[in-house]
Amino acid sequence: MEKSCRKCSRSGGGQMDRERAWFASLMWRAFPEATSEHELATLVAEVLTTDRVPVHPRTVRNWLRCENAPGFHYTLRILALAGAERVFEILDPEVRA
């Protein structure tokens, strides 16, 4: 149940908006079992939380809504879960399936 980033799709935005929307889409692909934004935020937060740095579901919801950008280390972890070939979507938008 992949969702698009509401804010990004409304704003028509620039490169940063497209990158945030891509990351939101990537989270949905990494966790296809999620059926709601709440469930996805909970799953992502659980996976990204470490002993040293907790990730709150609210933070993930902000990423899903394109209100904030994740740190690069979070992007890499989600990218690994979704499949490394997804990086080509951001490098070359014509590659999108």
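Predicted model only: the values in this text are computed from it and were never measured.
Taken to the nearest 0.5 Å, the CZ atom of R61 stands 12.5 Å off from the CG atom of N68.
Taking the side chain as every heavy atom from C-beta outward, L40 and L64 approach each other to under 4.5 Å. For the pair R20 and E67, the minimum side-chain heavy-atom distance is 4.5 Å or more.
Contact between P57 and A45 at its shortest, heavy atoms only, is N-CB, 3.7 Å. Closest heavy-atom contact between T75 and L26: O-CD2, 4.5 Å. Across all non-hydrogen atoms, the minimal contact from R77 to V47 is NH2-O, 2.8 Å.
Between Y74 and W63, the two ring planes are tilted [angle within 30° to 60°].
Neither L81 nor F72 shares a network with the other; the hydrophobic side chains, linked directly or stepwise wherever heavy atoms of I, L, V, M, F, W or Y lie under 4.5 Å apart, form separate groups for each.
Under the ring-ring contact (aromatic ring centres under 6.0 Å, His included) criterion, F31 pairs with no residue at all, not counting sequence neighbours. When the side chain to side chain donor-acceptor pair (under 3.5 Å) test is applied to E46, no partner is found at least two apart in sequence or on another chain.
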Let's go through V53 and L48 carefully: what are the C-alpha distance in whole Å and the side-chain angles of both, what is the deciding distance for side chain to side chain contact (heavy atoms under 4.5 Å, CB included) to 0.1 Å, and is it a yes or a no?
CA-CA 9 Å; V53 182; L48 296 180; over 6 Å; no
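At distances below 3.5 Å, not a single donor-acceptor pair connects side-chain atoms of T59 with backbone N or O atoms of V55.
Under the 4.0 Å criterion applied to side-chain N and carboxylate O atoms, R65 and E37 are assigned as salt-bridge partners.
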